[in-house]
Amino acid sequence: MSDLTAAPNGLPGLPAGEPMPVGISPFKASARRFARNHLAVVSCFVLAFIVLACYFGPFLFPFSSEDADFENISAPVDLFSAHPFGTDDLGRDLLLRVLDGGKVSLALGFFGALVSVMISVIYGATAGYVGGWLDDLMMRAVDILLSLPFILLAILIKVILQDSGLHLGPIPLDSPNISLFIAVAFTLWLTPAVIARGQAVSLRSREFVEAARAGGMNPWQIITQHIAPNSVNVVIVYSSLLVLEAIVTESVLSYLGIGVAPPFASWGSLIDEGAARIETDVRLLLLPGGFLAAVLFCLNYITDGLRDAFDPNER
Amino acid sequence: MWSYTLRRTLGSVPTLLALCVITFFMMRVAPGGPFSGNRRVSPEFVKLMEDAYHLNDPLWQQFWTWFNGVLHFDLGPSLKLRDYNVSELIAIGLPTSLEVGAWAMLLSTLVGVVLGIAGALRRNGPIDYSAGAIAMVGVAVPIFVIGPLLQIVFGLQLRWLPVARWDDSWQCRVLPVLTLALPNIAYVSRLMRSSMIETARTNYVRTARAKGIGEWRTILKHALRGAIMPVVAYLGPATAVTISGSVVVETVFSIPGIGRFFVESVANRDYPLIMGVTLLYGAIVIAANLVTDIARGLLDPKVSYE
């Protein structure tokens, strides 16, 4: 932590000829601390590799993940054949299916986390800035929802939206995949909302907010233009954790059969398929399960690294 | 002490009420219902069915009817399983779910505490590293992957335990309980380890050592009492984690518990069953948090009742 304390310029005790110590910003200091955490850095590379493989790997195959190769049904693992990890009992390439499923899981995880960050920051900023009974009410609601098991909440939201016939402009909120997405995002915003609210409370009495109020901005403008943008940074440290939780929530729902709908597949739904057939072909479970576990391991180490680097008081 | 317990118990009533209101209106705000999904049924019939279950009454009236029933422990009829009402279904599933969940909670607390202490006492030793590895697996790998993996290893390869069967034998319970316990074992052991390391450095533990009490008595009688507080505080959230897990574990191992009912009721939009189970789960979590708070007050002199 010594690199945080930058020496003031022109230190009198400094021997002549020594280069002047240069102060670094807290962000740079944190970034350096993160870079020294080898496990977290390696995890970043592994995660990047898996993401690239999922989105660009399928282009290397001359067939699609739904194409059945009737010549090679239940082909064994042969890394140098057309099907590196073999095929399932319908002749579909196992690796390709898992990569395609990864696209859905990763995208839902990433965008689910993104949307939940936005909801939580706006919600937290509103509660924290306005304060009073509204703050109490909003945070009490969060407490109640937080005490519910997260699966319950995700399932409830998913079910309510599905078959509801609701549309938001051109977006059908009731389609299986969009309702899944919303369920994931709405399950995750609770914890970051509490964090964002804490930040908003401390921002409320700062000079620039007072200046904005004196300048005649209405509360909603202050929340969206001053409080929320300045609360994002405290939530962003938890972003990798949110992506992790989003991926887990999505895959649990898909595993339970109320997640992604065909023709789409995600790691969760592939694991569901694989778990039903462990007696015939273990690969159907191991391959998607392995990819999912690898991504979750990486995100865990990255989360730990981020927390140690950006939040030294936590240690 | 008693007044605190009473106050906290009464304080959980509004929370339960709010839970009732939130789940009820969340379920009913969205259009669509249990009978509208089936396209082969005529609209007149749907109307008749909905009238029979009072689904077309004003919303507040429906809520009042339902809430009045809840006060009399009547959670309404199941819309899909027509021969049962919700209370009967819960009575069928709850003992099984409770059995698995209670064993999992017990196992995770015991194993987590022991692993945590062992890791803290022999830091960077083999036990510490294996405990750390178990914790990492338990935190990172979801239980719907661990469950089938255990089925493959112990059910299909070694053939020691049944893959998915449910009867009165203890063998059926081993894998589900282990699977359900693993995430909490992971979390509790991490919590226990860091808290034990911190406590072992405090002055009162050093004094106990200096007085010449044996190492084991110092750890078990003096350090443990202080170090276990974070674990006690975690028991409430652990209950929520276990409930989430039980929904999955009951699906993995085909256990006829409430979690299975819940997943099925959700697919069928069986409103009364969904709300009954949500309310039950919420009540369990609220009760667990209440017990946790009271236990903390009893064990930790630093927690005051004001």
Side-chain angles (χ1 to χ4, degrees), chain A residues 140-141 143-166 173-174 179 244 247-249 251-258 267-268 271-272 274-276 278-279 282 284-286 288-290 292-301 303-304 315, chain B residues 14-16 18-19 22-23 26-33 36-37 136-137 139-149 151-152 155-157 163 194 236-237 239-248 251-252 259 262-263 265-269 274-275 277-278 281-282 284-286 288-289:
Chain A
R140 197 85 193 108
D143 281 345
I144 292 172
L145 291 178
L146 260 182
S147 73
L148 274 184
F150 79 99
I151 294 257
L152 217 62
L153 197 59
I155 292 179
L156 279 180
I157 298 171
K158 165 86 180 143
V159 173
I160 290 162
L161 285 176
Q162 207 169 359
D163 320 316
S164 69
L166 287 177
L173 296 183
D174 56 342
S179 58
L244 183 150
I247 292 179
V248 169
T249 311
S251 50
V252 170
L253 290 185
S254 297
Y255 174 79
L256 292 175
I258 39 185
W267 285 336
I271 290 169
D272 182 25
I278 47 174
E279 282 174 71
V282 178
L284 292 174
L285 172 77
L286 291 186
L292 178 64
V295 165
L296 297 183
F297 267 116
C298 290
L299 285 169
N300 250 306
Y301 287 125
T303 305
D304 283 353
R315 279 187 289 188
Chain B
T15 316
L16 264 176
L19 190 65
I22 291 175
T23 40
M26 254 172 50
M27 285 304 304
R28 295 297 174 80
V29 157
S36 65
M136 209 56 219
V137 170
V139 167
V141 187
I143 49 181
F144 58 91
V145 177
I146 289 177
L149 280 180
Q151 286 176 328
I152 292 175
L156 295 173
Q157 300 291 324
V163 173
S194 61
T239 312
V241 172
T242 305
I243 289 176
S244 277
S246 76
V247 174
V248 176
T251 309
V252 172
F262 185 64
V263 174
S265 68
V266 154
N268 295 332
R269 301 206 96 191
I274 296 175
M275 279 182 303
V277 175
T278 307
Y281 281 159
I284 292 177
V285 173
I286 289 169
N289 282 327

Legend entry - Student check: side-chain heavy atoms of B/Val145 and A/Leu285 closer than 4.5 Å: no
Legend entry - A/Val252 side chain reached by B/Pro142 side chain, heavy atoms, under 4.5 Å: no
Inset, instruction - Go through B/Val252, B/Val241, B/Asn289 and name the one with the most non-hydrogen pairs under 4.5 angstrom from chain A. - result: B/Val252
Legend entry - Heavy-atom contact with chain B under 4.5 Å, split by part of A/Leu286: side chain
Inset, instruction - Could you tell me the separation between the CG atom of A/Leu152 and the CZ atom of B/Phe262, rounded to the nearest 0.5 Å? - result: 4.0 Å
Inset, instruction - Check whether A/Ile258 gets within reach of chain B through its side chain, its backbone, both or neither, counting any heavy atom under 4.5 Å. - result: side chain
Inset, instruction - Go through the atoms of A/Leu146 and report whether side chain, backbone, both or neither lie under 4.5 Å from a heavy atom of chain B. - result: neither
Legend entry - A/Phe297 and B/Val141, any side-chain heavy atoms less than 4.5 Å apart: yes
Inset, instruction - May I ask you to name which of B/Ile274, B/Leu16, B/Val139 has the most heavy-atom pairs under 4.5 Å with chain A? - result: B/Val139
Legend entry - Min side-chain heavy-atom separation A/Tyr255-B/Thr251 under 4.5 Å: yes
Inset, instruction - With the side chain counted from C-beta on, respond yes when A/Leu292 and B/Phe144 share a heavy-atom pair under 4.5 Å apart, and no when they do not. - result: yes
Legend entry - Minimum heavy-atom distance between B/Val263 and A/Leu256, given as atom pair plus value: CG1-O, 4.0 Å
Inset, instruction - Check each atom of B/Val247 against the heavy atoms of chain A and say whether the ones under 4.5 Å are side chain, backbone, both or neither. - result: both
Legend entry - B/Val137 portion near chain A, given a 4.5 angstrom heavy-atom threshold: both
Legend entry - Closest-packed option against chain A by number of heavy-atom pairs under 4.5 Å, given B/Ala18, B/Ala240, B/Ser244: B/Ser244
Inset, instruction - Between chain B and each of A/Ser251, A/Gly289, A/Ala141, count heavy-atom pairs under 4.5 Å; write down the option with the most. - result: A/Ser251
